[in-house]
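Let me begin by presenting the structure, written as structure tokens, before commenting on it.
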Protein chains: 2
Amino acid sequence: MASEQIENYLKQIYNLQSDEGRVSTSSLSKTLDVTPASVSEMVKKLADEGSLTHTPYKGVALTGEGELLALRIIRKHRLWEMFLFNVLHFKLEEIHREAERFEHIMSDTMEEKIDEVLGRPTIDPHGHPIPTRDGVMRHVAGLRLTDAAEGATMRVLRVNDADAELLQYMTSIGIALHMTIVVKQKMNFDNSMRVAIDGRDVNISSTIAASVIVEHA
Amino acid sequence: MASEQIENYLKQIYNLQSDEGRVSTSSLSKTLDVTPASVSEMVKKLADEGSLTHTPYKGVALTGEGELLALRIIRKHRLWEMFLFNVLHFKLEEIHREAERFEHIMSDTMEEKIDEVLGRPTIDPHGHPIPTRDGVMRHVAGLRLTDAAEGATMRVLRVNDADAELLQYMTSIGIALHMTIVVKQKMNFDNSMRVAIDGRDVNISSTIAASVIVEHA
DNA sequence: TCTTATTATTAGGTATGCCTAAAATGGGAG
DNA sequence: CTCCCATTTTAGGCATACCTAATAATAAGA
Ligand SMILES: [Mn+2]
Ligand SMILES: [Mn+2]
Ligand SMILES: [Mn+2]
Ligand SMILES: [Mn+2]
């Protein structure tokens, strides 16, 4: 069985792979908060075990097997977030942190029970797709609110779940899943924008706008 | 913070303490499934940390601090069992095993949310008392069904949760919490007995009878 | 192309918690 | 009151996953 930390490596590699293609030692070092030396060692072990391929000095890529393991963890993480939000009424900004620990100890039985209780959801409370049990994840394309045109009416597809404070603030100004946002004005000097959410006008910084993924309404 | 294994030591010492008074290295070795040598080492560390007192060659006893830690784990274990049984509809014989892992990673926030959702229960699905958050556990006295007199009418107070197969069998013959059992006949040759559960007569072995704790109805 | 800065790997070492084997202790049998 | 032996502790090691410091490889600039 994969240790908790090995599961974190695999999950992190999966996430970085979507953005970067080949995943570097340094990016893993940063996101997992361990030294590059430790990453090198662990990567060697995971390559021996067949979860990933490693080209020294070039980076790593998950094998089919490794990707499947990663998707299982991601599934458990997102199902658990859904459960915390819908059944235990945790706040949206709290669920990611809790799920980071539970994803590793959730048995397959538990996974199934929760999936059933929740009615087999396909997205989590942040809008992230939940992979199926055999590792299929449908990713819905979208754009960052930063990139929406002035005057456009957009719908919130998903939000960044990692920064709790940011998420809490977004909730407080009314940004939530499936909500409609009208881009009123874009400021070129700092990329902030004025938008209408639910009829009310608010100004949002580029940091916020960049962590909201939207589609045309 | 106490490691997962340290929490298991403390919990196990608490449980054995009720039966044995001073807890021996060998009984911990058996119940935790590690060698006596390992227990000796760990015990030394826990004594240094102030969770227990150790008299070499004589045994250990929890300090107030250690007992409080143990009771926190037990509270989390039993609240979680309750949750698995009532909300996720796990079978009675499955919940103990699952709770063994969750008890260690359940945050205080989670503990509180679950306590609330469940309506602040005082006993778990096996009839074990759930300690309060500040470490008070009310233990209800009872006797083993083995020791009930012939002809007596008893009520099930609690059942042994450790052996899943035994528990599954007990459930299948109708033994459940708060159920009434009439002792029809006691066999002296093997301590088995014939009882009436819910009107139906069944024969139960001494092993089963010993793991059912009852009170006079 | 050569040098330098960045990135990655290897070497050597630590902490935790486990093990086996050897030594110490102390309670009961004689 | 001894001696024996089961129980307990100590000694010496192993695995995992981390670290710092030293070395190696690559990429980038002159
Ligand atoms: Mn998350
Ligand atoms: Mn999420
Ligand atoms: Mn239990
Ligand atoms: Mn229980």
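Labels below follow one simple rule: chain letters A, B, ... track the order of the sequence lines, proteins then strands, and each chain is numbered from 1.
Regarding contacts with the backbone of C:dT10, a side-chain N or O of A:Lys44 is found under 4.0 angstrom from either OP1 or OP2. Contact between the side-chain N/O atoms of A:Ser40 and the OP1/OP2 oxygens of C:dT9 is found at a separation under 4.0 Å. Listed pair B:Gln5 / C:dC18 meets the phosphate criterion, a side-chain N or O lying under 4.0 Å from OP1 or OP2. Residue A:His54 places none of its side-chain N or O atoms closer than 4.0 Å to OP1 or OP2 of C:dA8. Using a 4.0 Å cut-off, some side-chain N or O of B:Tyr9 falls inside it from OP1 or OP2 of C:dC18. Contact annotation: B:Thr25 side-chain N/O to D:dT9 OP1/OP2 distance is under 4.0 Å.
As a whole-Å value, the separation of B:Asn8 CG from C:dC18 C1' is 14 Å. Atom OH of A:Tyr57 and atom P of C:dA8 are 10 Å apart (whole Å). Taking atom CG of residue B:Leu46 and atom P of nucleotide C:dT16, one finds them 12 Å apart after rounding to whole Å. Atom CD of B:Glu4 and atom P of C:dT16 are 17 Å apart (whole Å). One interatomic measurement links the two molecules: CZ of B:Arg22 to P of D:dT7, which rounds to 18 Å at whole-angstrom precision. One can place CE of A:Met42 at 16 Å from P of D:dA15, the figure rounded to the nearest angstrom. The nearest whole Å value for the distance from the NZ atom in B:Lys30 to the P atom in D:dA6 is 13 Å.
B:Phe102 and B:Trp80 have parallel rings, their planes meeting at less than 30° on a 0 to 90° scale where 60° marks the start of perpendicular. A perpendicular orientation is assigned to the rings of B:His96 and B:His126, their planes being inclined by more than 60° (bins at 30° and 60°).
Taking the side chain of B:Glu41 as heavy atoms from C-beta on, and the options C:dC19, C:dT9, D:dC19, the nearest nucleotide is C:dC19.
Contact annotation for A:Ser26: backbone-only contact, meaning every heavy-atom pair under 4.0 Å involves sugar-phosphate atoms and none involves a base.
When each of A:Arg133, A:Arg72, A:Arg75 is checked for a salt bridge (charged side-chain N to carboxylate O under 4.0 Å, His left out) with A:Asp108, only A:Arg72 meets the rule.
If you take NZ on A:Lys76 and CD1 on A:Ile130, they are separated by 14.0 Å, rounding to the nearest 0.5 Å.
Two residues, A:Lys58 and A:Ser3, neighbour DNA chain D, and the one matched to the more 5' nucleotide by heavy-atom proximity is A:Ser3.
At a threshold of 4.5 Å between non-hydrogen side-chain atoms, the residues B:Ile74 and B:Lys11 count as touching.
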